Amino acid sequence: MKRYPHGFSGGQRQRIGIARALAAEPQFIVADEPIWAFDVSIQAQSMNLFDDLQERLGLTCLFISHDLRAVRHVSDRIAVMYLGRIVELADATGIISRQVHPYTRALISAVPVADPKLEKQRKRVLLQGDGPSPINPPKGCQFHTRCPYAIAACSRAVPALTEIQPRQLASRIRVSREDPDVEAVAAMPGDVRFALDDQGR
Ligand code: SF4
């Protein structure tokens with residue numbers, strides 16, 4: 001009670017922040033990058049605290065983070081966003097084992113694995129180019145400037161979140177070079193339709 005904020009450790013300050021949020025007895029908490037400022041041991045404590053609170057208080061928590069290891073640890077469902085839009089939404093276990101959207105694949109492939117043997121075998125999916133400015137995002141599918149599967153239609157149509165398999169949705173026109181089925185999976189604005197040429201462009 002008598003200490004100033006600087007008198008607490010990072011982990012203590014974070015627990016105080018969570019306690020303040022819980023004092024209002026919420027059913028739903030939005031935690032925006034709650035662990036980014038901490039070292040690994042405090043991050044681990046914080047994630048365990050989130051787990052514990054979710055279980056004991058029956059809380060629902062929207063956990064926003066760039067740290068995929070943390071997201072995987074605390075989440076039941078994961079939504080992956082690119083430039084402010086959800087590009088894939090699935091159960092945590094499902095999205096870790098099978099990603100549909102090329103951006104999700106690149107993200108998951110970048111997560112280090114704790115097992116040295118598996119880590120050696122890990123194959124990174126490297127994206128070309130820099131991320132576009134969120135102030136002036138590309139038209140159509142915002143990922144088309146970096147997507148290895150992009151076709152001309154991707155710069156014109158905004159793909160809708162489509163159920164690819166039960167409980168797994170992705171915003172996509174194609175997910176591989178063999179999947180040029182634009183009409184079947186993309187939401188077309190108005191009545192606009194796209195025809196593919198021989199190369200599937
Ligand atoms: S819609 Fe096109 S650019 Fe966007 S992820 Fe799918 S293939 Fe790539």
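In listed order, ligands and their atoms are each counted from 1. Computed from a predicted structure; not experimentally measured.
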Thinking salt bridges, do K117 and D115 make one under a 4.0 Å N-O criterion? no
Could you list which atoms of ligand 1 come closer than 4.0 Å to a heavy atom of C154? 1 (S), 2 (Fe), 3 (S), 7 (S)
Applying side-chain contact (heavy atoms from CB on, under 4.5 Å), name anything that partners R56, two or more places apart in sequence or on another chain. D52, L53
Check ligand 1 against C141 and write out every atom of the ligand that is under 4.0 Å from a heavy-atom position of the residue. 1 (S), 3 (S), 4 (Fe), 5 (S)
Within less than 2.8 Å of atom 2 (Fe) of ligand 1, any N, O or S from C147? no
Cation-aromatic face contact R146/Y103, 6.0 Å, 45 degrees: no
Share the residues that join L89 in a hydrophobic cluster, the rule being Ile, Leu, Val, Met, Phe, Trp or Tyr side chains under 4.5 Å apart at the heavy-atom level. M81, I86, L161, L169
contact_flag H101 ligand 1 heavy-atom lt 4.0 Å: yes
Which atoms of ligand 1 have any heavy atom of P159 under 4.0 Å away? 1 (S)
For ligand 1, which atoms have a heavy atom of H144 less than 4.0 angstrom away? 3 (S)
If you round to the nearest 0.5 Å, how far is OG of S155 from CZ of F143? 14.5 Å
